[in-house]
Amino acid sequence: MLLLILASIWGTSFILMKKGLVVFSALELGATRVSVAALLLLPFALKHLGKVDRGHFKWLVLSGVVGTLVPAFLFAYAETQLASGLAGVLNALTAVFTLVVGALFFGQQLTGLRVAGIALGLVGTVVLMLLGGSGGDATPTGEGNAWYGLYIVLATLGYGVSVNVIKHRFHGIPSVAVTGLLLLFIGGPALAFLLVGTEFLHKLATVPGAWTAFGYIALLATMSTAVAMVLFNKLIQSSTALFAASNTYLVPVVALGWGLLDGESFNLWHLLGMIIILLSVFIINRAR
């Protein structure tokens, strides 16, 4: 049930980013997303701040930076020239990098079949970026560049690191505490940058449609960052890291559905790339 809820929430996040980028820049969207989520969970963070051993703080900062802060900007940059549906498909690489990072640093078993799954996932990524196209008129900028998918590849690598850190370093700590605290550590810098280093407030006051775009980003921050992260961290702690990351089976379907409703194209190369990537995730999860 948690997987289905997470897939629905995260599958919708890509279309919300696309709508927010109509007015705001990638930097503004990423900073707003993190800031709003941090403010929402601030009461929970303050409640648990004194209850968590300080030795965990470095891991919270690491997970927050590589698993939330940096990906928020990378996904926003990617969607300036990449269709939201394709961004959702590439997000499935999270399961691939969860295994890679787990094998390199956390003792995760790496069998020959799992190596084949990793290789297959990379092949699917190449198919999407070289042959699938990028969206063009379906993007907020009206331009398309499939190589912007590399931003998402890097973001999913960060997710893979974060998933493993949460699984192996936060036993016994409530998921809402983990999420609230890691957002607390990254939320302050994000908010300061948003208010001082961007035109966010100016756009909000002067640009037509800015409040609507902000509404999309606020919904993104509330559901896809704050709520979904709490649920996801709970899932990580109560299952395996790979099982938790396997919600990426369903996220592309939801993301592509929203993209089609918003007029994005979907061709046979998109379908082939998605099938290859999801097959790689299946192999990785099934291989022993």
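Every value quoted in this text rests on a predicted model; they were computed, and no experiment measured them.
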Quiz item: Does the side chain to side chain contact (heavy atoms under 4.5 Å, CB included) test come out yes or no for Val36 and Ile217, once each step is laid out?
Solution: CA-CA 9 Å; Val36 172; Ile217 301 173; 5.9 Å; no
Are the side chains of [Y] and [X] in contact, using a 4.5 Å heavy-atom criterion?
X	Y	answer
Tyr159	Val66	no
Ile173	His56	yes
Leu60	Val165	no
Leu42	Leu46	yes
Asn145	Leu82	no
Leu90	Leu86	no
Leu27	Tyr77	yes
Thr156	Val96	no

Over all atoms of both residues, closest heavy-atom pair of [X] and [Y]:
X	Y	value
Ala7	Val254	O-CG2, 3.9 Å
His48	Ala177	CG-CB, 3.5 Å
Gly64	Leu182	CA-CD1, 3.8 Å
Glu79	Phe14	OE1-O, 2.8 Å
Leu21	Ala76	CD1-O, 3.5 Å
Thr12	Ser8	OG1-O, 2.8 Å

Is it the case that atom [atom1] in [X] sees more than 12 heavy atoms from other parts of the structure closer than 6.0 Å?
X	atom1	result
Phe57	CZ	yes
Tyr216	OH	no
Phe44	CZ	no

Quiz item: Does Ser224 have any side chain to side chain donor-acceptor pair (under 3.5 Å) partners at least two apart in sequence or in another chain, and if so, which?
Solution: none
Treat each ILVMFWY residue as a node, draw an edge where side-chain heavy atoms are under 4.5 Å apart, and state whether [X] and [Y] are in one component.
X	Y	answer
Leu39	Ile186	no
Val253	Leu272	no
Leu62	Phe97	yes

I'd like to know if the side chain of [X] and the backbone of [Y] have a donor-acceptor N/O pair within less than 3.5 Å.
X	Y	result
Ser63	Trp59	no
Thr94	Asn91	yes
His270	Asn267	yes
Ser280	Ile118	no
Ser162	Gly158	no
Gln81	Tyr148	no
Trp10	Ala228	no

In Å and rounded to the nearest 0.5 Å, what is the [atom1] to [atom2] distance from [X] to [Y]?
X	Y	atom1	atom2	answer
Leu154	Leu93	CG	CG	11.5 Å
Glu28	Phe214	CD	CZ	12.0 Å
Leu110	Leu104	CG	CG	8.0 Å
Phe106	Thr98	CZ	OG1	11.0 Å
Leu41	Leu181	CG	CG	10.0 Å
Leu261	Ser84	CG	OG	10.0 Å

Quiz prompt | Step-by-step side chain to side chain contact (heavy atoms under 4.5 Å, CB included) determination, Leu29 to Met17 | solution = CA-CA 8 Å; Leu29 187 149; Met17 281 186 269; 4.1 Å; yes
Exercise. Test Gln109 against Thr111 for side chain to side chain contact (heavy atoms under 4.5 Å, CB included), laying out the working first.
Key: CA-CA 6 Å; Gln109 185 179 7; Thr111 64; 3.6 Å; yes
Exercise. List the steps, then state whether side chain to side chain contact (heavy atoms under 4.5 Å, CB included) holds for Leu260 with Glu264.
Key: CA-CA 5 Å; Leu260 290 172; Glu264 296 179 8; 5.6 Å; no
Practice problem: Run the ring-centre check on Phe200 versus Phe24 and record whether the distance is less than 6.0 Å. | Solution: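 Here the rings of Phe24 and Phe200 have centres that are less than 6.0 Å from each other.
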